[in-house]
Amino acid sequence: MKDFVYKYPPLLSGILVRRYKRFFCDIELDTGEKITAHCANTGPMLGVCAPGSRVWVSHHSDPKRKLAYSWQLVEVRDNEPTWVGIHTGLPNRVVELALAQYLFPELGEYERIQAEVVYGQDKKSRVDFLLTGSGICDIYLEVKNTTWANGRVALFPDTVTERGQKHLRELMEVVRGGGRAIALFFINRGDCAEFAPGDIADPVYGKLLRDAIALGLEVLPCRFEVSPVGVRYLGLASLRV
C-alpha cells in the first residue's frame, strides 16, 4: 500500500442536506447537530453534491472564520462507494508535497519548486508551479482539480471555464517559446482509470486542449485515492483525447 502524500486532520462525518449559494452547505452530523459548512468548490459539482450523501467536514477553531466547518469529502456510488475530494484548495497543497517527494517521474530532475509564479505575455497570470534546475528547461506546471466522472472516465472541466481556456493559451505560448509546459489534472477520486476533456460542458476547452497537446503541451492525468484519513497517489490515468 502506497503511503499517504497528505493526511487530513480529524474529520467529522454527516449527511449532506443541501448545497446552496455556491459557498454554503447544510449538513447533519452523525451526532445529530445541524451545521452550515463552507464549500470551497464554487462550480456546479456535477455528480458530487447530491443531498443525502455521506460527507466529511473539518472543524476550525479560528474565531475570525465566519464558518467553523469546511466540507472536505463526499461519498459517491457511481461505480462503487468512492470518496471524492471537495476542497479545491487541497490539490495544489498535495501536488506541492508530491513534487517535494519527486512522485512524478515524468517531470524528470529539477532542483527548485516555486509556487504562484507570474508569467504570460501580460504578466497578469500565475502558473501554479515553476520547476527549475541547472541544465534543464524550466517547467511550467498548471494544476486542475477534477471531480466529474462518466463511469470510470474523469472529465475536466464540468462547466465553461474561460479562466481555464486562458491558462491553456498561455501554456501554449510557453511551448511556442521553446519552454516546457505541463497540465496536471488532479483526479480527486480513486475510481477513474481514464481521463478525457469535458467536451459536453466546455467544447472550446476541449478543442484548445487537443490543439495544445498537438503543439507540445504535456498532460499528466494523475489519479489520487482520497479517504477520511488522507490522500494517496495512484499513478497516471490513461489519456483519451
Side-chain angles (χ1 to χ4, degrees), residues 1-101 103 115 128 143-149 152 154 156 158 184-193 222-235 237:
M1 181 66 70
K2 294 183 178 181
D3 294 333
F4 289 106
V5 182
Y6 171 86
K7 283 191 176 182
Y8 283 104
L11 301 181
L12 301 172
S13 178
I15 297 297
L16 178 66
V17 177
R18 62 169 181 154
R19 181 242 183 169
Y20 57 102
K21 294 183 180 179
R22 298 195 303 165
F23 296 102
F24 303 102
C25 56
D26 291 339
I27 293 168
E28 182 172 346
L29 298 178
D30 291 348
T31 60
E33 180 184 2
K34 295 181 180 179
I35 64 168
T36 297
H38 176 251
C39 177
N41 190 330
T42 60
M45 296 175 62
L46 297 179
V48 296
C49 62
S53 299
R54 179 154 294 281
V55 297
W56 283 259
V57 299
S58 55
H59 179 266
H60 310 271
S61 57
D62 185 351
K64 296 180 180 179
R65 285 179 58 102
K66 292 183 178 180
L67 296 173
Y69 296 90
S70 293
W71 185 7
Q72 298 290 344
L73 300 168
V74 65
E75 184 181 60
V76 300
R77 295 177 177 269
D78 297 341
N79 303 308
E80 69 270 345
T82 301
W83 289 294
V84 180
I86 294 300
H87 201 298
T88 53
L90 189 60
N92 278 41
R93 292 169 61 189
V94 174
V95 168
E96 187 165 17
L97 291 170
L99 289 172
Q101 298 176 49
L103 294 186
D128 287 323
V143 179
K144 296 299 180 188
N145 182 48
T146 305
T147 59
W148 185 28
R152 296 188 182 276
F156 181 90
D158 62 356
L184 188 154
F185 292 94
F186 188 106
I187 302 174
N188 214 335
R189 51 193 296 165
D191 61 342
C192 294
C222 295
R223 300 176 61 224
F224 289 89
E225 177 189 73
V226 297
S227 76
V229 178
V231 181
R232 302 180 193 271
Y233 178 52
L234 300 179

Q. For the residue pair His38 and Phe23, does the interplanar ring angle fall in the parallel (under 30°), tilted (30 to 60°) or perpendicular (over 60°) class?
A. parallel
Quick one: closest heavy-atom pair of [X] and [Y], and the distance?
X	Y	answer
Leu73	Gly85	CD2-CA, 3.8 Å
Phe24	Cys39	N-CB, 4.2 Å
Trp83	Pro228	CE2-CD, 3.4 Å

Q) Is a side-chain donor-acceptor pair under 3.5 Å present for Ser13 with Arg54? A) yes
Non-hydrogen side-chain atoms of [X] and [Y] separated by less than 4.5 Å:
X	Y	value
Ile86	Met45	yes
Val143	Asn145	no
Val95	Asp128	no
Pro91	Phe224	no
Leu97	Tyr233	no
Val48	Trp148	no

Q. Would you say Trp56's side chain and Ser58's backbone share a donor-acceptor pair under 3.5 angstrom?
A. no
Q: Just jot down the ring pair (Phe, Tyr, Trp, His ring centres under 6.0 Å) partners of Tyr69, sequence neighbours excluded, or say none.
A: His59
Q: For salt bridge (charged side-chain N to carboxylate O under 4.0 Å, His left out), just list the numbers for Arg223 and Glu225, CA-CA rounded to whole Å, side-chain angles, deciding distance to a tenth of an Å, and then say yes or no.
A: CA-CA 7 Å; Arg223 300 176 61 224; Glu225 177 189 73; over 6 Å; no
Q: Decide side-chain contact (heavy atoms from CB on, under 4.5 Å) for Val57 and Leu29; before the verdict, give the C-alpha distance in whole Å, the side-chain angles of both, and the deciding distance to 0.1 Å.
A: CA-CA 9 Å; Val57 299; Leu29 298 178; 4.1 Å; yes
Q) Can a salt bridge be assigned to the pair Asp191 and Arg189 using a cut-off of 4.0 Å between side-chain N and carboxylate O? A) yes
